[in-house]
Every structure is written in structure tokens, then in C-alpha cells.
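This structure is in C-alpha cells; I'll ask about it shortly.
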Amino acid sequence: MLIEGYDDGPLAAGEPLLARPGFWSHYLLEICAGGTGGERPVPEWFGDDGADTEAMSETLMDPEWWPAFRVPASAGPGVVVVYRNLVGDYGIDFLLVPEGQSGVQRTAGWEGALSGTGLTWQDLVGIADSPAPATDAVNDSAARLLLILPLLSDSDIPEGATARVSAALTAVGAPQNTACKTAEYLLGRLTSRPWHDPTWASPLSGS
């Protein structure tokens, strides 16, 4: 796999990992966990157990193999999520793929905390619901939404956002009795982080 700017990295298609036990609990808890107070989330909220999550961690963070997850859109920019497994410089990069272009631009990154420029809820849903059909990409709308959910940088989300995320979690295997709680936790963490300045605007807004 080739992605501009990652010529020296052993990139590999990560999409097959989405269906494996432990993926969603590792991915979302690693990026969205933190804060104080309230009930601490556990892998079981996602239908996983600790052993599954631990095994997935070893796979996703292997310096010899950098998983990349492609979320192209049929209209407008798409997103690529890359596990940048450099020894001593591990992180997760979120790359924006501008419409009609072959190059990418890094819009945000996670290295213990998220930084960069995020997306509005409307942008996230727009990308999730407009897949560009491809055999080498993520086409399922639930998985697409959850993959790019950490980019949410918008405190003004609609009333139905929790139900939408809860349904997506259930679709990827989370138990129905914990999906709503998990969705509320994730959205609460994401919408309360001051990770952009007051002049922030989504990179898709034209600002």
C-alpha cells in the first residue's frame, strides 16, 4: 500500500482487522478514554474481553506492520486512519484525502492526546453515509462512522447523535444493553475536549 508521505513505513491494509475481537474496544478506548469521575469503561462495553483487546493491541502497534484504514467518500473528502508505529514515536494519524486528489494532508493525530483540526458532526455523518464503493476500503456506514468518530471536534451535536453512535456500536458487535452507555461516554469525552482554538473551523467548511 502506498500513501504519500509514508514511503518509509510498512503500510498494510487494516480493514480485515475490523471484524476481529478486540478491535473496537482497543481503538476507541485508547483514543477516547480519560477524564475523571464516572464509571470507567471496559472492553466488555464493546462485547470484547481484556485478552482480546490486549492481543489486538500487539497487532495494531507492531512496528513491522502499520495498519491503515481507508474511508473514501463518493462526494467530498475521505479519511485514512494510519497506525504510525515508529519505535519511540508511536501515534495514530488521521489523513484527509481531498476530493479529486491523490495526495493526503494530516488533519489530526493522537499521541496520548488528540491534536490538530477535527470535524463537525455533520461532516462525520456526511463521510460515513457516502462511501465510495471499493474492495480495499471500509464501506459499512457503522464502521466508517466509528473509525472517524475520534475526529469529532464539535460540542454542538444533534439530539439524535447518541442514538446514531449507539446503533453503530451495536452493528459492530457491542451488546445492546451497554451500547447507549458507551455512546454517551464516547460523545461526552469527545465533545468536552478543548483541542482547538476559538477560531476553529472544520477543514471541510471552506474556512
Any sub-3.5 Å donor-acceptor pair from T170's side-chain atoms to S166's backbone N or O?
yes
Measuring from L186:CG to L169:CG, what's the distance to the nearest 0.5 Å?
6.5 Å
Mark yes when over 12 heavy atoms from residues, nucleotides or ligands other than E54 sit less than 6.0 Å from its CD; otherwise mark no.
no
Find out whether P77 and I127 are in side-chain contact, i.e. whether some heavy atom of one side chain is under 4.5 Å from a heavy atom of the other.
no
From E44 CD over to D49 CG, what is the distance, rounded to the nearest 0.5 angstrom?
6.5 Å
With distance as the sole test, does R70 use its side chain to make a donor-acceptor pair with the main-chain N or O of D136 at under 3.5 Å?
yes
Tell me, do L18 and D140 make a side-chain contact under 4.5 Å, heavy atoms counted?
no
Steps toward side chain to side chain contact (heavy atoms under 4.5 Å, CB included) verdict (W110, Y90):
CA-CA 9 Å; W110 183 88; Y90 165 78; 3.7 Å; yes
Is there a donor-acceptor contact under 3.5 Å from the side chain of N85 to the main chain of W66?
no
Non-hydrogen side-chain atoms of R189 and Y185 separated by less than 4.5 Å
yes
Least distance between heavy atoms, P72 atom then A137 atom:
CD-CB, 3.5 Å
With a 6.0 Å cut-off on the ring centroids, do F23 and F69 count as close?
yes
Quick one, I31 with F94, criterion side chain to side chain contact (heavy atoms under 4.5 Å, CB included). Give me CA distance, side-chain angles, the key distance, then yes/no.
CA-CA 12 Å; I31 298 177; F94 294 87; 3.9 Å; yes
Of all heavy-atom pairs between G14 and P67, which one has the smallest distance, and what is that distance?
CA-CB, 4.1 Å
Pairwise side-chain contact, D52 with R20, heavy-atom cut-off 4.5 Å (strictly under)
no
NE2 (H26) and CG (D48) are apart, to the nearest 0.5 Å, by 11.5 Å
Testing the basics here: between P150 and L114, what is the closest heavy-atom pair and its distance to 0.1 Å?
O-CD1, 3.2 Å
Residues A171 and A142: closest non-hydrogen pair is CB-CB, 3.7 Å
What distance do S155 atom OG and L187 atom CG have between them, rounded to the nearest 0.5 Å?
12.0 Å
How about Y27 and L147: do any of their side-chain heavy atoms sit closer than 4.5 Å?
yes
Could you go through the side chain to side chain contact (heavy atoms under 4.5 Å, CB included) check for V165 and T182 one step at a time?
CA-CA 9 Å; V165 173; T182 306; over 6 Å; no
Heavy atoms only: give me the nearest V82-A68 pair and the separation to one decimal.
CG2-CB, 4.1 Å
Any donor-acceptor pair under 3.5 Å linking the side chain of R144 with the backbone of D129?
no
For a 4.5 angstrom cut-off between non-hydrogen side-chain atoms, does R84 reach D89?
yes
Of all heavy-atom pairs linking S130 and A75, the shortest is OG-O, 4.2 Å
Rounding to 0.5 Å, atoms CD (Q105) and CG (L96) come to a distance of 5.0 Å
Within the 4.5 Å heavy-atom criterion, are D62 and Y83 side-chain neighbours or not?
no
Could you go through the side chain to side chain contact (heavy atoms under 4.5 Å, CB included) check for L60 and E30 one step at a time?
CA-CA 12 Å; L60 288 171; E30 181 173 33; over 6 Å; no
When rounded to the nearest 0.5 angstrom, what distance separates CG in L29 from CZ in F46?
4.0 Å
